[in-house]
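One structure below.
Position 1 is the first residue of the sequence, and the numbers go up from there. Because the structure is a prediction, the values reported are computed rather than measured.
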Amino acid sequence: MRRNVGQPRRGRVAGASAAQRERPTFARDPLRMALFALIVVSVGRVHKVMHIGFLHPAMLLFLIAAGCAALNPRLLVHDNVFRFWPAKVIAGLLIFACISAPFGLSLGASGMFILTDFAKVVVYTLLIMMVIRDASDLRMFIWAYVVSCAALVWMAVFIFRLQITGSGMARLSNMYTYDANDLGCVLVTGLPLTVLAFQASRRRGKIVCGILLAGIGLALARSGSRGAFLGLAVVGVAILVALKEVPVQKRIAFVGVMAVVLLLAAPRGYWEQMQTLLQPTQDYNWTSQTGRKEVWERGLGYMAKHPIFGLGISNFGRAEGTVSERARDYMPGEAGIKWTAPHNSFIEAGSELGIPGLILWSSLVLGGIVTALRFRKRLPESWLHGDRDQRTIYLTSVYLPIAFIGFAVTGFFVSFAWVDPIYILAAYMVALHRSAQNKLRSMSEAAPAELPSRRIRPPASPRARALRHGRGAR
């Protein structure tokens with residue numbers, strides 16, 4: 001039996017009175033503004049193109065946000081951290097990274113990475129979770145990721161240039177924000193969020209998101225990333241097949257825009273490069289010692305040798321250059337050994353934090369997909385055509401699992417275990433739950449006689465359902 005979070009009486013949209021008017025999309029308090037800008041800087045990396053990196057804007061914005069939270073703790077909803085599992089998993093990853101660091105290859109390298117990078121990501125993600133109040137905040141922070149994607153598209157199209165590779169393919173190269181494969185992961189993850197913003201926005205927002213969707217397709221074509229192509233294909237299939245709530249013509253239109261842009265904007269050698277996916281054993285990633293196959297096998301070996309605490313966070317490259325078979329067999333006079341990245345987020349988590357870290361991190365990715373899909377089934381379908389907040393909540397439950405899927409596919413080919421996107425998606429998951437609960441509460445207060453407040457709970461017994469509907473009362 002379908003379980004609904006709340007179902008207003010037909011013919012009336014609860015909570016739509018003047019007393020319950022929606023707040024603007026963008027809150028104007030300093031804490032939320034700082035967190036919004038921090039996402040744009042951390043994900044979009046606009047400061048590198050503006051050449052203001054010497055100001056350390058990400059750290060500055062983080063300190064501003066932390067200071068605002070400390071000075072005005074009433075802005076925070078601490079219950080969001082203690083009630084919802086994504087916050088507990090993220091905090092557990094930070095704690096376990098600190099515990100495992102002394103047992104890794106380099107305590108100094110792990111400690112420095114935790115202090116300067118990972119702790120910042122964790123803390124500001126938890127802050128985002130704690131400032132969430134309702135669907136307006138949810139819209140605001142989804143737009144932060146969309147704006148980040150817009151900045152990256154602008155760089156990929158107008159700042160960075162295509163270069164011919166050894167295989168004769170033209171692709172983006174020598175970028176100082178992300179490399180081409182990393183760019184693909186960020187944009188494929190942001191594609192469902194951009195579609196979400198399109199459907200949840202008014203006219204001007206739809207125009208901006210429509211242009212951005214075409215820009216994402218163009219940037220992905222210029223990246224030449226095969227992992228991004230796979231992720232884009234999976235996301236496209238998910239939009240076509242899984243989104244039963246969205247009209248078929250809209251689904252076809254979203255996917256069709258991306259397909260047309262890829263066909264028209266694909267640079268020289270793009271489709272020849274994509275065809276190599278059909279012959280993986282003939283690719284350098286299969287045959288070379290520095291290819292993904294060999295790197296992944298060595299990563300699994302590190303995990304087997306260090307199953308509990310791993311190599312220590314941010315120590316995979318050090319292991320490649322110091323304790324790997326290639327390093328042990330190195331002879332003086334030979335070419336140097338590259339400190340290779342793991343090129344797989346799951347292997348990165350497992351090799352650097354051991355099996356416990358792999359379980360925690362994988363639960364964040366795979367659990368996000370399952371939880372979002374289950375949560376959608378608890379929402380009333382009428383919210384898809386309700387007021388703006390109801391539509392935002394429902395559409396987020398529709399597109400958020402696809403964003404998780406896009407990250408899972410593309411993250412399989414890049415080293416993104418400790419980078420922002422997955423943690424921001426987890427914050428959206430918490431925001432989704434909190435927004436739905438608060439919306440239900442406001443609807444109940446607006447029409448208490450018509451809409452009794454009720455929490456998400458297991459279905460009632462058959463006898464209880466009969467009594468509820470007036471049957472069996474005699």
Side-chain angles (χ1 to χ4, degrees), residues 1-29 31-32 35 69 72-88 126-143 196 200 245 368 371-400 426-460 464-465 468:
M1 180 176 181
R2 185 184 181 90
R3 295 178 290 163
N4 288 347
V5 173
Q7 178 69 51
R9 180 172 290 185
R10 188 175 297 177
R12 174 175 178 175
V13 179
S17 64
Q20 297 292 330
R21 289 177 181 173
E22 299 165 354
R23 295 190 294 107
T25 295
F26 294 95
R28 293 179 175 85
D29 62 83
L31 175 56
R32 286 171 176 78
L35 290 173
N72 196 352
R74 292 179 299 176
L75 294 174
L76 304 179
V77 183
H78 298 88
D79 188 46
N80 287 2
V81 172
F82 297 108
R83 285 190 61 186
F84 300 107
W85 67 266
K88 298 176 183 179
L126 295 178
L127 282 176
I128 292 173
M129 294 178 181
M130 287 190 286
V131 301
I132 295 300
R133 294 172 296 188
D134 50 30
S136 178
D137 290 331
L138 177 58
R139 283 195 299 272
M140 174 181 180
F141 288 111
I142 287 174
W143 267 103
L196 162 61
E245 300 84 355
T371 302
L373 290 174
R374 288 180 175 176
F375 190 80
R376 186 202 311 181
K377 296 179 181 179
R378 300 179 180 182
L379 293 173
E381 293 184 1
S382 63
W383 280 24
L384 181 59
H385 307 287
D387 61 35
R388 193 181 185 191
D389 286 350
Q390 291 172 338
R391 292 197 307 274
T392 297
I393 293 168
Y394 195 93
L395 289 171
T396 302
S397 73
V398 169
Y399 288 104
L400 187 57
Y428 294 160
M429 177 65 64
V430 173
L432 174 62
H433 282 77
R434 173 57 69 180
S435 299
Q437 291 178 356
N438 286 346
K439 183 62 180 178
L440 177 61
R441 186 179 299 113
S442 68
M443 293 168 63
S444 177
E445 293 172 353
E450 297 186 12
L451 184 65
S453 176
R454 49 179 178 166
R455 298 181 302 174
I456 300 174
R457 53 175 175 252
R465 290 198 300 269
R468 182 183 303 165

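In this structure, Asn72 and Leu31 have side chains that are not in contact, with every pair of non-hydrogen atoms separated by 4.5 Å or more. Between Arg133 and Arg434, the closest side-chain pair of non-hydrogen atoms is not below 4.5 Å.
The closest donor-acceptor contact from the side chain of Thr371 to the backbone of Gly368 lies at 3.5 Å or more, if one exists at all. Within the 3.5 Å criterion, the main-chain N or O of Asp387 finds a donor-acceptor partner in the side chain of Gln390. Without hydrogens or angle criteria, Tyr394 side chain to Gly386 main chain gives no donor-acceptor distance under 3.5 Å.
Closest approach of Val131 to Asp137, counting heavy atoms only: O-OD2, 3.3 Å. Closest approach of Pro86 and Met429 over heavy atoms only: CG-CG, 4.0 Å. Closest non-hydrogen pair, Phe375 versus Ser397, comes out as CD2-CB, 4.4 Å. In terms of heavy atoms, Leu126 sits closest to Val81 at O-CG2, 4.3 Å. Across every non-hydrogen atom of Ile128 and Ala427, the tightest pair is CG2-CB, 3.9 Å. Scanning both residues, Arg376 and Val398, for their nearest heavy atoms gives NH2-O, 3.5 Å.
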Query raised in the report: Hey, mind stepping through Ile132 and Val77 against side-chain contact (heavy atoms from CB on, under 4.5 Å) and telling me if it holds?
Result: CA-CA 7 Å; Ile132 295 300; Val77 183; over 6 Å; no

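In this structure, the side chain to side chain donor-acceptor pair (under 3.5 Å) partners of Thr392, at least two apart in sequence or on a different chain, are Arg139.
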